Protein chains: 2
Amino acid sequence: MLKVDGHELERRLELFREAARAAGIKLTHQRLEIFREVAGSLEHPSAESVHRALSASMPTLSHDTVYRTLWMLTDLGLVSTLGPKRESVRFDANPEPHHHFVCLRCGLARDFVSTELNELRIPDSVSDFGSIQATQVEVHGICNDCQAQQPAD
Amino acid sequence: MLKVDGHELERRLELFREAARAAGIKLTHQRLEIFREVAGSLEHPSAESVHRALSASMPTLSHDTVYRTLWMLTDLGLVSTLGPKRESVRFDANPEPHHHFVCLRCGLARDFVSTELNELRIPDSVSDFGSIQATQVEVHGICNDCQAQQPAD
DNA sequence: TCCTAAATAGGATAGATTCCTATCAGCGTG
DNA sequence: CACGCTGATAGGAATCTATCCTATTTAGGA
């Protein structure tokens, strides 16, 4: 199990404490442990694996708490998600090289093309992880419709 | 509902017919309609929305058929998925700008950094979709562990 | 047209995520 | 430092997503 450096983890925990205080959010034991688990791992865990990892030391921890906390951390900007948020698998039948704009609120996804972005140089170190098949750019933002509904944060 | 240009759609359907023939896969009515639905949309639909869209004209279409067909199209290389395949939501507490390597088989995700990739120029047209918050590069491939298990395709 | 292997329908099942509500606890106040 | 209010939690039920199972159907070659 890969771990984040201890000092770095403490720094992230401090950021969380500050952000929680600023947002008027209570610092419960559950929240601190859940954040520690996500921030301390390099594996980008799922809610399920966070729950599994913590249930040894906190046998009564509920799934609901893990999910609520992770989304709360996401709202605070301390955590993000891989791929389109809270949704089912989405399919893409565009055979041309292309890139995606994805709305962080509603999951809307749109293609765009750019010959420049098709030819990115990826650091050599990445091939230590495995063989590379394709590379694409994901632009995250808020789509026009979502902005119209709830203009600013 | 945004639609792909008719000629382009016919071209993609023809590619599918050829690929199916080459792979010895039967061209059923269900498969053609499911492919038409995905290839004809710019919205990157989920399996559920494909099923919903088709159930008017094919009331007995089963969920299983939609899922099987979409994964089959993925295996043929005619369709891809957005984000890590067939998994639960994954969380990321790394506050520094970074990019991801994602294994297409097992969903393993790892961060890497690159100041060069942090400063990509995104086409102006993308801001027509909405406001941009962040940009990151996703490298898709097969991780070392998965390659060891099943070396080649 | 006939046959066979492959594909489908539909319901059961498994897994992920959210909802509901009674109980609990952080933290500001006195 | 005890008290009380309000937000947070536990636990189970409900929902949604995706897959599995099997009897029946069908594409496509002979």
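Sequence lines set the chain letters: A, B, ... in the order given, protein chains first and strands last, and positions in each chain run from 1. In this text the structure is predicted, and so the values were computed from the model without any measurement.
In this model, the phosphate group of dA9(C) is approached by a side-chain N or O of Gln30(B) to a distance below 4.0 Å at OP1 or OP2. Close to dT17(C), at under 4.0 Å from its OP1 or OP2, lies no side-chain N or O of Trp71(A). Residue Ser62(B) has no polar side-chain atom (N or O) positioned under 4.0 Å from OP1 or OP2 of dG10(C). For the pair Tyr67(B) and dA18(D), the criterion of a side-chain N or O lying under 4.0 Å from OP1 or OP2 is met.
In this structure, a donor-acceptor pair under 3.5 Å is present between the side chains of His100(B) and Gln136(B). In summary, the side chains of His98(A) and Asn118(A) do not present any donor paired with an acceptor at a separation below 3.5 Å, with no hydrogens or angles considered. Glu138(B) and His99(B) share no donor-acceptor pair across their side chains, judged by distance under 3.5 Å alone. Between the side chains of Gln147(A) and Ser131(B), at least one donor N or O lies within less than 3.5 Å of an accepting N or O.
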Side chain to side chain contact (heavy atoms under 4.5 Å, CB included) between Arg17(B) and Glu14(B), worked out: CA-CA 5 Å; Arg17(B) 291 199 189 87; Glu14(B) 194 48 45; 3.2 Å; yes
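Arg31(A) places its CZ atom 14 Å from the C1' atom of dA10(D), with the value rounded to the nearest Å. Between the CZ atom of Arg21(B) and the C1' atom of dA6(C) there is a distance of 18 Å, given to the nearest Å. Rounded to an integer number of Å, the gap from Met58(B) CE to dG10(C) P is 11 Å. Note: CG (Asp64(A)) to P (dG7(D)) measures 17 Å, nearest angstrom. Computed from coordinates, the Ile34(A) CD1 to dT9(D) C1' distance equals 10 Å when rounded to whole Å. Nucleotide dT15(D) holds its P atom 15 Å from the CD atom of Glu48(B), rounded to whole Å. Distance Leu70(A) CG to dA16(C) P: 15 Å, rounded to the nearest Å. The distance from atom CZ of Arg52(B) to atom P of dA18(D) is 12 Å, rounded to the nearest whole Å.
The Thr60(A) side chain lies nearest to dA10(D) when the options are dG10(C), dA10(D), dG28(D). In this structure, the nucleotide among dA16(C), dA8(D), dG12(D) sitting nearest to the side chain of Lys26(A) is dA8(D).
Nearest-nucleotide assignment on DNA chain C puts the 5′-proximal partner with His63(A), out of Leu27(A) and His63(A). Taking for each of Thr28(B) and Arg68(B) the nucleotide of DNA chain D with the nearest heavy atom, the 5'-most of the two is the partner of Arg68(B).
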